[in-house]
Number of protein chains: 2
Amino acid sequence: MSSALRISEAASIGLHTVLLLAQEGQQFLSARDMARTMGVSEAHLSKVLQRLVRAGIAESARGPHGGFRLAAGAEALSLLAVYEAIDGPLRPLPCLLGRPMCDGKSCILGGLLASVNEQIRDQLASVRLSQFLARASGEAQ
Amino acid sequence: MSSALRISEAASIGLHTVLLLAQEGQQFLSARDMARTMGVSEAHLSKVLQRLVRAGIAESARGPHGGFRLAAGAEALSLLAVYEAIDGPLRPLPCLLGRPMCDGKSCILGGLLASVNEQIRDQLASVRLSQFLARASGEAQ
DNA sequence: TGCATTCAGGTATTACGGTACTGCAATTCG
DNA sequence: CGAATTGCAGTACCGTAATACCTGAATGCA
């Protein structure tokens with residue numbers, strides 16, 4: 001009974017994390033530091049970071065002075081790619097389960113929800129990580 | 001890891017139910033019939049119907065030949081009102097929990113998600129139940 | 001070579017949504 | 001007028017999924 005069209009907290013953390021990493025450039029950031037910066041639990045963040053690494057969006061280094069940074073070429077990625085790396089692919093959202101009622105003709109809700117979904121997709125896809133890149137060398141955006 | 005921007009099944013059922021009721025006009029529809037029509041569980045539908053009644057969107061009649069129908073004046077309502085009666089108010093969606101990071105300046109994600117949310121709101125608010133009203137007296141739409 | 005640091009994976013816990021059950025009111029028929 | 005049937009209303013249970021925790025493995029430095 002609580003909320004609305006929900007985006008998972010994990011996805012939110014992931015998006016913010018990627019932004020942080022982009023701002024840091026080649027520098028490594030530890031999970032602990034990022035957790036403090038964002039004010040989220042380090043445990044939860046770690047899990048999200050694992051997803052990003054496995055998806056090839058970030059890369060990790062262990063040991064002292066280790067941490068995470070954006071993988072090479074990740075600047076070209078969109079926020080949509082990041083989102084899908086965490087929460088899985090963005091579903092087509094076919095209406096509901098409505099075979100019996102909404103299959104034949106185009107259900108009003110189906111059309112409506114589909115268009116909303118398209119808009120979300122477009123918005124996420126239109127933003128690239130390169131917009132937030134702050135080069136360590138000093139070259140501003 | 002499963003889905004995406006999610007709309008609850010309860011909300012979907014509620015929206016469809018209201019459409020069904022609108023098409024039926026003054027006639028009462030039993031929960032069982034509607035459940036069959038939509039292909040959803042009667043128990044779950046009942047819960048949704050309770051919400052609609054308490055919100056003043058639908059009205060119920062007990063006993064034989066009872067059921068549910070749209071409340072007087074409900075034709076003027078929008079799909080947004082129906083949605084909020086079921087899933088609660090549509091949150092402003094402030095970003096995530098991001099006080100520490102996103103409070104001061106406008107967070108990029110906050111702005112993005114907020115605009116998406118606005119679009120959803122507008123879409124839902126632009127559709128009125130009267131569009132689906134089929135008068136029992138015979139006057140076509 | 002040993003120790004401190006940090007990531008990696010698996011495991012428990014909590015919260016939410018969905019489901020099922022039981023109770024109450026109204027109507028209709030005998 | 002009374003009883004049984006019909007159908008809504010509220011409550012309680014259960015399963016799933018998201019979140020928080022905990023232990024282990026690997027790396028780099030002294």
Side-chain angles (χ1 to χ4, degrees), chain A residues 1-14 16-17 21 24 27-36 38-71 83 86-88 91 96-97, chain B residues 1-14 16-17 21 24 27-71 83 85-88 91 96-97:
Chain A
M1 203 219 266
S2 50
S3 70
L5 288 301
R6 269 176 302 181
I7 184 173
S8 78
E9 186 179 343
S12 244
I13 290 176
H16 280 86
T17 300
L21 292 177
E24 206 64 19
Q27 211 69 7
F28 280 101
L29 275 178
S30 76
R32 183 180 300 115
D33 287 348
M34 289 189 280
R36 276 191 229 281
M38 294 190 272
V40 302
S41 106
E42 183 182 344
H44 197 183
L45 173 62
S46 294
K47 194 149 247 175
V48 171
L49 284 166
Q50 287 176 30
R51 296 260 177 94
L52 292 176
V53 170
R54 262 176 290 183
I57 295 175
E59 58 186 21
S60 63
R62 301 194 189 195
H65 307 102
F68 298 86
R69 67 178 177 190
L70 240 46
Y83 182 92
I86 297 165
D87 262 27
R91 290 224 198 108
L96 71 159
L97 13 91
Chain B
M1 204 224 263
S2 52
S3 70
L5 289 299
R6 267 176 304 179
I7 184 175
S8 78
E9 187 179 341
S12 246
I13 291 178
H16 281 86
T17 301
L21 293 177
E24 206 63 20
Q27 211 70 6
F28 280 101
L29 276 178
S30 78
R32 183 180 299 118
D33 287 348
M34 289 189 281
R36 275 190 230 280
T37 301
M38 293 190 274
V40 301
S41 102
E42 184 182 342
H44 198 182
L45 173 61
S46 294
K47 193 164 240 174
V48 171
L49 283 166
Q50 287 176 32
R51 296 260 177 92
L52 293 177
V53 170
R54 261 178 290 184
I57 295 175
E59 60 186 19
S60 64
R62 302 195 188 195
H65 306 101
F68 298 85
R69 67 179 178 189
L70 241 47
Y83 183 92
I86 297 166
D87 263 26
R91 289 224 199 102
L96 71 160
L97 13 91

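Keep in mind the model is a prediction, meaning the values are calculated, not measured. In what follows, every chain begins at residue 1, and chains take the letters A, B, ... in the order their sequences are listed.
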request  = Measure the distance from NE2 on His44(B) to P on dG15(D) and round it to the nearest whole Å.
outcome  = 17 Å
Nearest non-hydrogen partners of Phe28(B) and Ser60(B), listed with the distance = CE2-C, 4.3 Å
ask   = Could you state the CD-P distance from Gln27(B) to dG7(D), rounded to the nearest angstrom?
value = 14 Å
ask   = Which atom pair, heavy atoms only, marks the closest approach of Ile57(B) to Ala85(B)?
value = CD1-CB, 3.7 Å
message = Would you say that His16(A) contacts Val40(A) through its side chain, given a criterion of any heavy-atom pair below 4.5 Å between the two side chains?
response = no
query = OP1 or OP2 of dA8(C) sitting under 4.0 Å from any side-chain N/O of Ser60(A)?
reply = yes
query = Can you check the Glu42(A) CD to dT5(C) C1' distance for me, whole Å?
reply = 12 Å
message = Checking contacts here: which listed nucleotide (dT6(D), dG28(D), dT6(C)) is nearest the side-chain heavy atoms of Pro64(A)?
response = dG28(D)
remark   = When rounded to whole Å, the CZ to P distance for the pair Arg32(A) and dA4(C) reads 14 Å
request  = With DNA chain C as reference, determine whether Arg62(B) or Gly66(A) sits nearer its 5' end, using the nearest nucleotide of each.
outcome  = Gly66(A)
request  = Would you kindly give the CZ-to-P distance between Phe28(B) and dT28(C), to the nearest whole Å?
outcome  = 12 Å
request  = Would you mind telling me which of dG18(C), dG9(C), dA4(C) lies closest to the side-chain atoms of Gln50(A)?
outcome  = dG9(C)
ask   = Closer to the 5' end of DNA chain D via nearest nucleotide, is it His65(A) or Ala43(A)?
value = Ala43(A)
ask   = Start at the 5' end of DNA chain C and walk down; is the nucleotide closest to Phe68(A) or to Lys47(B) reached first?
value = Phe68(A)
Residue pair Arg69(A) / Glu59(A), side-chain heavy-atom distance below 4.5 Å = yes
request  = Hey, could you give me the CG/CD distance between Leu52(B) and Gln50(B), rounded to the nearest 0.5 Å?
outcome  = 10.0 Å
inquiry  = What is the distance, to the nearest angstrom, from the CD atom on Glu9(B) to the P atom on dG15(D)?
reply    = 18 Å
ask   = How long is the line joining CG of Leu49(A) and C1' of dA20(D), in whole Å?
value = 15 Å
message = What is the separation between atom CZ on Arg54(B) and atom P on dC8(D), rounded to the nearest whole Å?
response = 15 Å
